Amino acid sequence: MSPIVTRFAPSPTGYLHIGGARTALFNWLFARGHGGTFLLRIEDTDRERSTPEATAAILQGLTWLGLDWDGEVVSQFERRDRHAEVAHEMLARGNAYKCFCTQDEIEAFREAARAEGRSTLFQSPWRDADPSTYPDRPFVIRLKAPRTGETVIEDAVQGRVVFRNDQLDDMVCLRSDGTPTYMLAVVVDDHDMGVTHVIRGDDHLNNAARQTQIFHAMGWPVPVWAHIPLIHGEDGKKLSKRHGAVGLHEYSAMGYPAAALRNYLARLGWSHGDDEFFTDAQAKSWFELSGIGRAPARLDAKKLANLSGLHIAAMDDATLLPEIEAYLQAAAAPALTPPQRAGLSAALYCLKDRAKTYPDLLEKAHFVLAQRPVQPDEAAAKVLDPVSRGILGTLTLQLQNVSWEREALETAVAAVAAEAGLGLGKIASPIRAALAGRTATPSVFDMMLILGRDETLARLKDASA
RNA sequence: GGCCCGUUCGUCUAUCGGUUAGGACACCAGGUUUUCAACCUGGGAAGAGGGGUUCGACUCCCCUACGGGCUGCCA
């Protein structure tokens, strides 16, 4: 079997869409899992709508998601001469022809056809015209598509899809200004880049038939098609701005680990038995086109959050810490100071299994990020009533000479609680408020151990004063 | 209008002619608990509708409904 080559080919008209990200992920997983190559091509032939900023945003999105591509990024626009060359080759082979119809003529035809309920398929009168009758005006080059028979797509996801050739018209390959159309450019590029598997949104399923005709016209091998269903919003409708987070950058801004998004996106529309939570290595080894579903899937924020929490918990500290710092930077938040980094690093063990996102984790890490005097938030301030402050006062005294180990601390705190006639739950609350200024934190004993004797006692004293 | 694709619990999905239709997220109840998170136990929850084919259909075929895509000298 020849090596697999896949590609992701977005048009640079905005940020990287979550659906596009999944398409890229599937291509990446398939190539990487089979020792193949994953290429990136920017479909920027529409000069009106393509911007360098959008291209940069897409590359940035892919990079954040951790999808590395092979070789240089291909600009479709820069390959326009080659596209034109192929169009002329088809002309020379007799598989294409010059059409001198004007756009106004064609538009008028379509309008009339629609009005009369006839087929709007345009059949150019120039298809079999004698070159000696050619007028001296601009022309487009159209594919001389077969008018009888069928064009068959053997799709790895959709199965066998048959199109009657009389339903397909002679598409324009080269515009009257000499620039290539998308339909031509895709085929030429995929061929020249050696793409073996075209994995893309199923909005291209119909296009695959037309593109197949071009491959045939040039005598080129047709790649394996895999048209994957589009992603829908939580309401089942086509994804759009009003669905909240649509851009990949919005997910990174919300503090989801890229690994979690990869896992979630891979599982959306693809399955490997009952496996839900998996690593990149597993995804790569498991990913097959046959595992892709045929129905559009809806985004589910709750499930993403669940997976996100599992991934954060599973990450080792050495990879988690830089991820959090990258998140901070991307969120334009102040960077960690060296003491904060050291503190956070020491506390990760008791933070990572209780957070669903990075901001969630950071909020629970407040005790190690804040400096004295710790400002309690509203809920914590409420906990620190006079009675609680009194208890904290005696606790401070009792902890004075305790050996700073978990067991000793637990014993000491339990003793104070018993003395006050309280359960551990009751006394933990004010301690939490005093040490963290928050009501949701790691275990109070973990905090004491991380903070150390001096800092702990100082904070307790601050709060009881 | 024409062509094409799709339709299993609320959601993501398993099933590839024979299962009490399984799992996960979410939800509800209970447990554990030091808040949060996590965890444990239990529960409710699905084959769009109608025809076929077959001894037997979620699974194969047809129709309908609904959803989506394409129908550009956009990509």
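Fair warning: this is a prediction, and the values are worked out from it, not measured in the lab.
- Checked against the 6.0 Å centroid criterion, the rings of Phe38(A) and Phe30(A) do not qualify as a close aromatic pair.
- Contacts between residues 280-292 of chain A and RNA chain B, defined by a heavy-atom separation under 4.0 Å, are absent.
- Across the protein-nucleic acid pair, Asp274(A) atom CG and C16(B) atom P stand 13 Å apart, rounded to whole Å.
- Judged by Watson-Crick or G-U wobble contacts below 3.5 Å, the nucleotide G30(B) has C40(B) as its partner.
- Annotation: salt bridge (charged side-chain N to carboxylate O under 4.0 Å, His left out) contacts of Lys98(A) (sequence neighbours excluded): none.
- To the nearest whole angstrom, the two C1' atoms, one in G18(B) and one in U59(B), are 11 Å apart.
- Listed by first and then second residue, the side chain to side chain donor-acceptor pair (under 3.5 Å) pairs that reach into residues 48-58 of chain A are Asp46(A)-Arg49(A), sequence neighbours excluded.
- Contacts of Glu154(A) classified as side-chain hydrogen bond (donor to acceptor under 3.5 Å, both in side chains), with partners at least two apart in sequence or in another chain: Arg160(A).
- Look at CG on Asp446(A): it is 14 Å from P on U34(B), rounded to the nearest Å.
- Among residues at least two apart or in separate chains, side chain to side chain donor-acceptor pair (under 3.5 Å) pairs with a member in residues 405-426 of chain A are Ser403(A)-Glu405(A), Arg406(A)-Asp446(A).
- Applying the side-chain contact (heavy atoms from CB on, under 4.5 Å) rule to Lys144(A) yields the partners Tyr97(A), Arg127(A), Asp128(A); only residues at least two apart in sequence or on another chain are considered.
- For Thr120(A) and U71(B), the shortest distance from a side-chain N or O to OP1 or OP2 is not below 4.0 Å.
- A heavy atom lying under 4.0 Å from RNA chain B marks the following residues of residues 428-438 of chain A, by number: Ala428(A), Arg432(A).
- Screening residues 104-124 of chain A for ring-ring contact (aromatic ring centres under 6.0 Å, His included), with sequence neighbours left out, gives Phe109(A)-Phe122(A).
- Counted by atom type alone, Asp177(A) and Thr179(A) present one or more donor-acceptor pairs between their side chains at under 3.5 Å.
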Contact state string [nucleotides 59-69 of chain B, B base, S sugar-phosphate only, - no protein heavy atom under 4.0 Å]: ----------B
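- Remark: Lys426(A) is not in phosphate contact with U35(B), judged by side-chain N or O atoms under 4.0 Å from OP1 or OP2.
- Distance noted for atom P between U7(B) and U13(B): 10 Å (whole Å).
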Which donor-acceptor pairs under 3.5 Å do the side chains of residues 183-190 of chain A make with protein atoms, sequence neighbours left out?
{"residue": "Asp189(A)", "atom": "OD1", "partner": "Arg79(A)", "partner atom": "NE", "Å": "2.4"}
{"residue": "Asp189(A)", "atom": "OD1", "partner": "Arg79(A)", "partner atom": "NH2", "Å": "3.0"}
{"residue": "Asp189(A)", "atom": "OD1", "partner": "His83(A)", "partner atom": "NE2", "Å": "2.7"}
{"residue": "Asp189(A)", "atom": "OD2", "partner": "Gln76(A)", "partner atom": "NE2", "Å": "2.8"}
{"residue": "Asp189(A)", "atom": "OD2", "partner": "His83(A)", "partner atom": "NE2", "Å": "3.4"}
{"residue": "Asp190(A)", "atom": "OD1", "partner": "Arg7(A)", "partner atom": "NE", "Å": "2.9"}
{"residue": "Asp190(A)", "atom": "OD1", "partner": "Arg41(A)", "partner atom": "NH1", "Å": "2.8"}
{"residue": "Asp190(A)", "atom": "OD1", "partner": "Arg41(A)", "partner atom": "NH2", "Å": "3.1"}
{"residue": "Asp190(A)", "atom": "OD2", "partner": "Arg7(A)", "partner atom": "NH2", "Å": "2.8"}

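- Here the P atom of nucleotide C3(B) and the CD atom of Gln158(A) are 18 Å apart, to the nearest Å.
- The pairing partner recorded for G72(B) is none, the criterion being a Watson-Crick or G-U wobble arrangement whose two distances lie under 3.5 angstrom.
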Output side-chain donor-acceptor pairs under 3.5 Å for residues 202-212 of chain A, partner residues at least two apart or in another chain, one line each.
{"residue": "His204(A)", "atom": "ND1", "partner": "Tyr182(A)", "partner atom": "OH", "Å": "3.2"}
{"residue": "His204(A)", "atom": "ND1", "partner": "Asn207(A)", "partner atom": "ND2", "Å": "3.1"}
{"residue": "Arg210(A)", "atom": "NH1", "partner": "Asp169(A)", "partner atom": "OD1", "Å": "3.3"}
{"residue": "Gln211(A)", "atom": "OE1", "partner": "Arg200(A)", "partner atom": "NH2", "Å": "3.4"}
{"residue": "Thr212(A)", "atom": "OG1", "partner": "Ala208(A)", "partner atom": "O", "Å": "2.6"}

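- Separation of the C1' atoms belonging to C3(B) and A14(B) is 33 Å when rounded to the nearest angstrom.
- Residue pairs meeting the salt bridge (charged side-chain N to carboxylate O under 4.0 Å, His left out) criterion with at least one member in residues 258-285 of chain A, sequence neighbours excluded: Arg262(A)-Asp280(A), Arg267(A)-Glu276(A), Glu276(A)-Lys303(A).
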